[in-house]
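Order of the sequence lines fixes the chain letters, A, B, ..., with proteins taken first and strands second; residue numbering starts at 1 for each chain.
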Protein chains: 2
Amino acid sequence: MSERQPTLRERQRSETRHAIQAHAVRLFTERGYDAVPVTDVAEAAGVSAMTVYRHFPTKEDLVLVDQPTGLIAERVAASPTTWPVPHRVGGALVAAATALTVGAEAAADRRFLLDCLRLMVATPALRARHLEREYAMQQAVVEALGIDPADAEAAFPARAAVSACLAALHTALTRWAEDDGGTELPELIARALTASFGPDVLRAA
Amino acid sequence: MSERQPTLRERQRSETRHAIQAHAVRLFTERGYDAVPVTDVAEAAGVSAMTVYRHFPTKEDLVLVDQPTGLIAERVAASPTTWPVPHRVGGALVAAATALTVGAEAAADRRFLLDCLRLMVATPALRARHLEREYAMQQAVVEALGIDPADAEAAFPARAAVSACLAALHTALTRWAEDDGGTELPELIARALTASFGPDVLRAA
DNA sequence: CCATTCATGTGAGTAACTAACATCGCGGTA
DNA sequence: TACCGCGATGTTAGTTACTCACATGAATGG
């Protein structure tokens, strides 16, 4: 209820940010991530290099799309605590992917998301950073399970199971990009989870 | 049968390399990875910065220890093809970890390995690169399973299951470093796998 | 209409690399 | 033993990602 009409400055800033990212993804796709210096991205977007860094802390952040950590954590927290961890997390991943990539209002983001993922799959440095982000998401998900992360010994099994789920997610995202979105993402995630944890992962046991 | 007496040059080169890495890990541990420039490592080891780069392509490689991809792939390939993927890979991981960290002849490496892993856990850039390496290992393990990686659609379930196993491995390595080697690594891996895939993963079904 | 604030530009500086070239000493050979 | 090739190292200069300090101009709120 608090977000009211964006001021002119905010709109301009958001436009600048969007332009920078769009030109970056285009140039990286055309010439390869490593072959495009940040100065070229800035020039294409009509801004200075410094402005790029003010909007995106690192060159890698130009491509790495925000992960829906909050969305996933909510759904994990809402899942029955009696279920095994892979069931709880797996269900949340499929649901979040459906919300974000299936349906009419997600069509615009979809294209951009696929472009970013393709770059991520093709570029080692981007893959590394992407995996790091999923690792960060792990901590959020473990907390959402209702486990105190301070007690490392007790949290260990949960961390292991969650990281395994997120690895399956990563494989599904990679396949989705390779296939250029030809198969719906939720289905790929479901198949990745099934291949890892058995056919019951997505059944409410 | 071909590896004969190392010549003087080879010994010197190997010594230089070892000195560089030892000083690097020491300095990084003392002052933090990001706070130590490569020039300081070079100076401490008594060489020029250029020499450091000739031995280690990037600063990160000073800490990232070689992963025993070959060892694991061999054991995976030798496992019964009738077993589920997590069983085949899980067994290989536990066996490789036992060979590398348990026993008298592994004691020296153990200390160094723990130092490197602690740095890896503490430093985001190193974590990212380490995850990337495990991702590279995934491809080798999938091949070792006897699956043609060219057929992406057919390899997809295997890739998902293998990446989930390796995620469990990563969690175990992290815990091992946090605990400073207080629990044997094979046991941690076994627990991580069990938490993810159920109690039968390490039983010959 | 004026003062504040915020987005951006500019310039200098650090650090991770890379390439080109010089040097020096081990190692095989005449 | 004397010589020569080659490999390991040093030096220097350059590129690029990123940071800091400061200036500017325009949007904002009174």
Side-chain angles (χ1 to χ4, degrees), chain A residues 2-25 27-28 31-64 119-120 123-130 132, chain B residues 2-21 23-25 27-28 31-64 119 123-130 132:
Chain A
S2 63
E3 36 181 305
R4 277 302 72 209
Q5 51 191 11
T7 171
L8 175 60
R9 268 217 276 249
E10 287 172 44
R11 262 186 296 121
Q12 280 178 339
R13 180 173 172 79
S14 159
E15 255 175 55
T16 305
R17 182 191 160 86
H18 192 265
I20 291 170
Q21 196 169 30
H23 282 287
V25 170
L27 288 173
F28 292 159
R31 295 163 31 198
Y33 177 81
D34 294 317
V36 179
V38 173
T39 54
D40 284 18
V41 174
E43 195 177 351
V47 297
S48 75
M50 192 62 223
T51 297
V52 175
Y53 284 116
R54 274 199 251 268
H55 284 269
F56 302 91
T58 74
K59 184 185 175 185
E60 290 151 358
D61 288 296
L62 286 164
V63 180
L64 296 174
L119 281 167
M120 186 271 286
T123 313
L126 293 175
R127 262 201 322 260
R129 283 269 307 197
H130 185 84
E132 228 292 289
Chain B
S2 63
E3 34 181 306
R4 282 299 72 212
Q5 51 191 12
T7 170
L8 175 58
R9 269 216 273 248
E10 288 173 50
R11 263 186 294 122
Q12 279 178 338
R13 179 172 173 81
S14 158
E15 255 176 55
T16 305
R17 181 191 160 87
H18 192 266
I20 291 171
Q21 196 169 30
H23 283 286
V25 171
L27 288 174
F28 293 159
R31 296 167 26 201
Y33 177 80
D34 294 317
V36 179
V38 173
T39 53
D40 283 19
V41 173
E43 196 178 351
V47 298
S48 76
M50 191 64 222
T51 298
V52 174
Y53 286 114
R54 275 200 250 269
H55 284 269
F56 301 90
T58 75
K59 185 184 174 185
E60 290 151 358
D61 287 297
L62 286 164
V63 179
L64 297 173
L119 281 168
T123 312
L126 294 174
R127 263 203 319 261
R129 284 267 310 197
H130 188 260
E132 228 291 291

Just do the side chain to side chain contact (heavy atoms under 4.5 Å, CB included) check on A:Ile20 and A:Thr51 with the steps written out, would you?
-> CA-CA 9 Å; A:Ile20 291 170; A:Thr51 297; 4.3 Å; yes
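- Considering only side-chain N and O atoms, B:Thr16 lies under 4.0 angstrom from the phosphate OP1 or OP2 of D:dT9.
- For A:Lys59 and A:Tyr53, the positive end is not near the middle of the six-membered ring at less than 6.0 Å and at most 45° from its axis.
- Atom CZ of B:Arg129 is separated from atom C1' of C:dC17 by 13 Å (rounded to the nearest Å).
- Rounded to a whole Å, the CD atom of B:Glu10 is 14 Å from the C1' atom of D:dC6.
- For the pair B:Asp34 and B:Leu8, nearest-nucleotide mapping onto DNA chain C gives the more 5' position to B:Asp34.
- Residue A:Arg13 contributes atom CZ, which lies 17 Å from atom P of C:dT5 at whole-angstrom precision.
- Between B:Arg11 and A:Arg17, the residue anchored closer to the 5' end of DNA chain C is A:Arg17, taking for each the nucleotide with the nearest heavy atom.
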Between A:Val47 and A:His55, does a side chain to side chain contact (heavy atoms under 4.5 Å, CB included) hold up when you go through it step by step?
-> CA-CA 11 Å; A:Val47 297; A:His55 284 269; over 6 Å; no
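- The phosphate of D:dC6 has neither OP1 nor OP2 within less than 4.0 Å of any side-chain N or O from B:Arg9.
- Here the P atom of nucleotide C:dC17 and the OH atom of B:Tyr53 are 5 Å apart, to the nearest Å.
- Comparing D:dT9, C:dA19, D:dC20 by their closest approach to the side chain of A:Met50 singles out D:dC20.
- Residue A:Phe28 is tested with A:Asp40, A:Val41, A:Asp34, A:Thr123 for a side-chain contact (heavy atoms from CB on, under 4.5 Å); the sole match is A:Val41.
- OP1 and OP2 of D:dT9 both lie 4.0 Å or more from every side-chain N or O belonging to B:Ser48.
- If you check D:dA17, D:dA27, C:dC17 against the side chain of A:Lys59, the one that comes closest is D:dA17.
- Residues B:Arg127 and B:Pro124 form a side-chain contact, since some pair of their non-hydrogen atoms from C-beta on lies under 4.5 Å apart.
- No hydrogens or angles were tested; on distance alone, nothing pairs the side chain of B:Arg54 with the base of D:dG7 as donor and acceptor under 3.5 Å.
- A:Thr58 has no side-chain polar atom (N or O) that falls below the 4.0 Å cut-off from OP1 or OP2 of D:dA17.
- Between the CD atom of A:Glu15 and the C1' atom of D:dA26 there is a distance of 16 Å, rounded to whole Å.
- Counting only heavy atoms from C-beta on, A:Gln12 has its side chain closest to D:dA27 among D:dC20, C:dT8, D:dA27.
- The side chain of A:His55 contributes no N or O atom lying less than 4.0 Å from OP1 or OP2 of C:dA7.
- The distance between atom CD of A:Glu43 and atom C1' of D:dT16, rounded to the nearest whole Å, is 16 Å.
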